[in-house]
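Below is one structure, written out as structure tokens, with a few remarks after it.
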Amino acid sequence: AEASQGHISVVLLGATGDLAKKYLWQGLFQLYMDQVSSGHSFTFHGAALAALEPGQRLMFDVLKKLSCPPDEAPDRCAVLKDQFLKLSQYHQLKTAENYTALSREIETLLRQEGLKEAGRIFYFSVPPFAYTEIARHINSSCRPPAGAWLRVVLEKPFGHDLQSAQQLAAELTGSFREEEMYRVDHYLGKQAVAHILPFRDQNRHKGSTSPEQHFASSLCPGRTSFYEQYGVIRDVLQNHLTEALMFLIMELPANVSSAHEVVQHKLQAFQSLWGLERSSAVLGQYQAYDSQVQEELQEARGYVSTTPTFAGVLICSNSLRWEGVPFLLTSGKALDERVGYARVLFKNRAYCTQSGALRDAGHSQCKPKQIIFHFGHGALNTPAVLVSRNLFQPVMPKDSWKEAEARSDLHVFGQPLSDFYMYSPVKERDAYSVLISHIYHGRKDFFITTENLLASWAFWTPLLDSTSRQPPRLYPGGVENQHLLDFEMVSGGVAFTLAEPAERLNPRGQMPSDFRAIQSKFRQSPLVSAWAEDLISQLASDMEEAAVRSVARSGQFHLALSGGSSPMVLFQRLARHHYGFPWKHTHIWLVDERCVPLTDSESNFLGLHRHLLQHVRVPYFNIHPMPVHLNRRLCVEEDRGAELYAKDIMALVANASFDLVLLGMGTDGHTASLFPRAENGLEGAPTVVLTESPVKPHQRMSLSLPLINRARQVFVLVLGKGKHDITTLLSRVGHEPRKWPISGVSPSSGQLVWYVDYEALLG
């Protein structure tokens with residue numbers, strides 16, 4: 001847009017809706033005021049489903065209320081507003097014909113005025129269920145001609161979970177190219193959020209720790225329908241706070257203005273985060289919410305909502321920079337004030353031996369050291385960047401940020417403002433005005449790409465699934481909350497600090513938060529069954545107990561682990577919550593391995609390393625990967641890799657009897673890498689064998705069934721609906737390892753225990 005002059009048509013879909021009334025028309029008017037002398041001409045097309053006359057009346061009621069910034073001269077403001085109204089018109093956009101007619105109208109205007117088309121902006125201020133149909137109409141009959149650009153602006157929510165986000169992304173990709181789509185997260189237009197990366201870039205090498213983010217607001221009438229479907233995590237944490245967190249923790253790109261570099265570094269930051277589980281979050285709901293839902297959504301009087309309106313979430317990263325540093329994200333409705341911030345609290349290594357008066361002085365090293373990006377509202381009621389005076393004086397761009405008065409009558413986190421260097425914007429701007437300007441300039445670094453979106457949903461969906469049955473803690477709202485929502489970090493997760501008052505416990509006859517592990521029998525062996533997260537928790541505890549017993553008995557614990565996706569969550573659980581596990585005395589063996597280099601993403605050992613080994617202190621010599629890669633070849637029989645592994649087992653494991661073997665089960669009944677009708681490994685000597693898998697990579701190395709059956713204990717983990725059919729079948733068949741290798745697992749003098757989640761057991 002900066003380079004070539006021409007005409008820009010802006011089409012606002014949903015032009016009479018709430019978002020358009022509150023922010024978007026004002027943002028478009030601001031764009032016009034800023035760019036009226038840029039050499040571009042504009043027309044603004046408001047569009048909605050309403051017929052021409054009522055739609056036009058509603059839209060122009062909004063336009064008449066548009067205002068200019070305080071520093072704009074009244075005469076110029078009146079002229080610009082009059083021009084803007086003349087350049088704006090309403091269209092009913094309901095059918096394919098309506099879109100064709102709009103495109104013809106734009107083309108006719110350009111022809112009459114002798115103007116060249118620079119581009120078209122379509123702003124989707126409509127519910128996401130309408131996106132696909134509108135996208136098809138634009139793509140088929142309302143695209144600008146060759147040489148002009150198209151920019152399509154999309155508002156959240158972008159899906160409800162990973163699956164729905166993938167589906168919506170696939171549908172939109174059918175109509176638009178990635179570079180044409182601008183997904184809006186209005187937080188990225190907030191001046192304090194937008195300055196996080198530039199601040200880090202201009203103040204490199206200042207080291208920090210413990211980021212914490214918070215956003216508190218109230219629930220507006222009319223928004224309850226949306227909120228009841230989405231809740232606080234989807235509404236605020238998955239998008240706004242996650243984006244701000246990524247800016248805080250991603251490695252700094254060489255060029256912080258490069259959209260591509262920023263996205264790549266964000267994706268790397270997502271990769272480094274520990275997976276979320278139910279113990280990663282505390283949830284609450286303010287007491288009046290139920291009646292609000294009943295009233296606005298006309299639900300029955302006894303309707304009980306489990307939608308959380310408050311969440312506190314602990315996030316951890318396994319990157320070297322952030323190892324051991326907690327990230328806390330909180331957001332809630334009906335708290336004691338409306339405020340948003342990202343706060344970085346530094347480790348304080350100082351100890352002050354002098355008197356209290358000296359310790360409390362502004363530059364005292366014993367005062368908390370922090371950087372606060374204040375998004376707005378709260379005591380400051382303005383965007384701001386605050387840096388403790390006992391930390392460093394930051395470098396700030398003088399053209400856009402000014403140092404503010406250090407007032408001692410205002411306090412932030414218990415400290416007077418005079419303890420901080422405080423900066424506020426030279427000119428305060430609304431987030432939507434900022435973002436609309438970026439859309440005009442084609443700056444994609446302030447918008448959410450498809451990759452970024454899906455990475456965020458992949459991160460948050462497991463938590464949403466695991467907490468969907470969890471009733472939130474009720475809280476009264478406002479100052480009455482007292483300490484009811486305070487929470488603390490406990491054993492790798494978070495928990496409310498105070499026990500829930502008795503009168504608030506289960507006041508509405510809600511279901512219990514989960515079903516505890518149920519024990520019974522499966523194939524004549526002990527069965528432990530529960531929801532997946534409880535099951536993993538129980539299995540991890542049982543493994544730790546087995547390890548402690550073994551070390552007490554023999555001084556060591558020989559553990560053979562399977563690969564695949566099911567154990568990954570278990571490995572993370574062991575690494576994060578089981579600090580008493582005797583890793584120092586544990587030998588780690590593999591049950592099976594794919595014949596790929598150990599650094600290949602398909603390698604079982606690499607998965608084990610990523611999710612467990614790099615996070616616990618197992619002595620290097622106690623880790624035994626399978627030798628699938630010898631003499632620069634993979635699983636060649638003459639290299640005798642299987643024989644070497646068998647010899648190691650015989651030499652180190654007493655009687656070749658593992659203390660514990662962890663197995664999984666495939667939908668075809670295979671276990672380890674022993675497949676139905678396998679030529680070897682199902683009977684014969686207790687050894688290690690090369691096998692063939694029906695799926696790629698075909699070549700495998702595996703412990704044989706007789707070797708597995710020598711173990712003291714064998715635990716079989718079965719998760720997910722996809723395993724229901726084979727679980728049901730297995731409950732009816734006998735010992736038939738040729739057909740179903742898992743049916744041949746029967747320790748000769750040890751114990752077999754099945755860990756099967758409800759979805760696999762009950763479907």
Side-chain angles (χ1 to χ4, degrees), residues 1 4-21 24-25 27-29 31-32 35 40-64 66 82-155 171-177 180-182 436 439-440:
S4 63
Q5 295 185 340
H7 185 81
I8 295 172
S9 307
V10 181
V11 183
L12 175 54
L13 298 135
T16 56
D18 277 351
L19 186 65
K21 286 179 194 171
L24 301 183
W25 279 116
L28 291 173
F29 180 43
L31 175 72
Y32 180 68
Q35 303 300 331
H40 285 104
S41 57
F42 292 88
T43 46
F44 298 90
H45 305 266
L49 296 175
L52 189 61
E53 198 178 312
Q56 199 162 293
R57 190 169 58 250
L58 280 169
M59 188 180 102
F60 277 92
D61 282 348
V62 176
L63 297 190
K64 285 169 193 166
L66 294 175
D82 185 54
Q83 287 175 352
F84 184 78
L85 265 64
K86 284 176 181 168
L87 294 170
S88 302
Q89 50 189 291
Y90 177 82
H91 305 261
Q92 182 185 36
L93 285 185
K94 205 171 184 179
T95 64
E97 290 73 25
N98 294 150
Y99 284 86
T100 306
L102 171 62
S103 193
R104 281 205 202 105
E105 201 172 308
I106 292 169
E107 287 160 14
T108 303
L109 171 75
L110 292 169
R111 205 164 41 247
Q112 286 171 351
E113 300 289 333
L115 295 168
K116 175 190 164 198
E117 185 157 16
R120 295 181 191 180
I121 295 171
F122 285 86
Y123 201 119
F124 285 42
S125 180
V126 295
F129 65 75
Y131 281 8
T132 308
E133 186 183 358
I134 293 171
R136 280 200 293 263
H137 288 322
I138 292 170
N139 188 42
S140 61
S141 52
C142 217
R143 273 186 170 274
W149 46 255
L150 172 67
R151 290 176 192 152
V152 177
V153 188
L154 305 163
E155 276 285 344
E171 287 166 357
L172 289 170
T173 305
S175 297
F176 306 126
R177 296 191 300 275
E180 293 175 331
M181 289 186 278
Y182 290 69
I436 287 168
I439 294 159
Y440 164 77

Discussion item. Measuring from atom CH2 of Trp25 to atom CD1 of Ile436, what distance do you get when rounded to the nearest 0.5 angstrom?
Written reply: 10.0 Å

Worksheet entry | Side chain to side chain, Tyr32 and Leu87, heavy atoms closer than 4.5 Å | yes

Worksheet entry | Whether Thr100 side chain and Ala96 backbone form a donor-acceptor pair below 3.5 Å | yes

Practice prompt. Flag the pair Arg57 and Asp61 as a salt bridge only when some basic side-chain nitrogen lies within less than 4.0 angstrom of an acidic carboxylate oxygen.
Written response: no

Response to the item:
For Ser9 and Glu117, the nearest pair of non-hydrogen atoms, with its separation, is OG-OE2, 4.2 Å

Practice prompt. Find the distance between CD (Gln89) and CG (Leu102) and round it off to the nearest 0.5 Å.
Written response: 8.0 Å

Practice prompt. Kindly compute the distance separating CZ (Phe176) from CD1 (Ile138), expressed to the nearest 0.5 Å.
Written response: 4.5 Å

Worksheet item: Nearest 0.5 Å, what's the CG-OG distance between Leu150 and Ser175?
Response: 10.5 Å

Worksheet item: Phe84 vs Phe44 aromatic rings, parallel, tilted or perpendicular, using cut-offs 30° and 60°?
Response: tilted

Worksheet item: How far apart are the closest heavy atoms of Gly46 and Met59, and which atoms are they?
Response: CA-SD, 3.6 Å

Discussion item. So which atom in Leu93 and which in Asn98 form the shortest heavy-atom distance, rounded to 0.1 Å?
Written reply: CD2-O, 3.6 Å

Worksheet item: Do the non-hydrogen side-chain atoms of Phe124 and Val152 ever get within less than 4.5 Å of each other?
Response: yes

Worksheet item: Using 30° and 60° as the class limits, which term best fits the ring planes of His45 and His91: parallel, tilted or perpendicular?
Response: tilted

Worksheet entry | Phe122 CZ to Leu154 CG distance, which is reported to the nearest 0.5 Å | 12.5 Å

Discussion item. Would you call the rings of Tyr440 and Phe42 parallel, tilted or perpendicular, taking 30° and 60° as the class edges?
Written reply: tilted

Fill in: Heavy-atom side-chain proximity of Trp149 to Ile8 below 4.5 angstrom
yes

Worksheet item: Taking side chain as C-beta onward, heavy atoms only, is Val62 less than 4.5 Å from Thr16?
Response: no

Practice prompt. For Ala15 and Ala48, work out which heavy atoms get closest and say how close.
Written response: N-CB, 4.4 Å

Worksheet entry | Donor-acceptor contact present, side-chain Tyr99 to main-chain Arg136, <3.5 Å | no

Response to the item:
Smallest heavy-atom separation, Arg120 atom then Pro145 atom, equals NH2-CD, 4.3 Å

Practice prompt. For the pair Gln92 (side chain) and Leu49 (backbone), establish whether a donor and an acceptor sit closer than 3.5 Å, ignoring hydrogens and angles.
Written response: yes

Worksheet item: Considering only heavy atoms from C-beta outward, does the side chain of Ile106 approach that of Thr43 to under 4.5 Å?
Response: no

Worksheet, complete the sentence: Nearest heavy-atom contact between Ala20 and Gly14 is CB-O, 3.4 Å

Discussion item. To the closest 0.5 Å, what do you measure between NE2 (His7) and CG (Leu110)?
Written reply: 5.5 Å

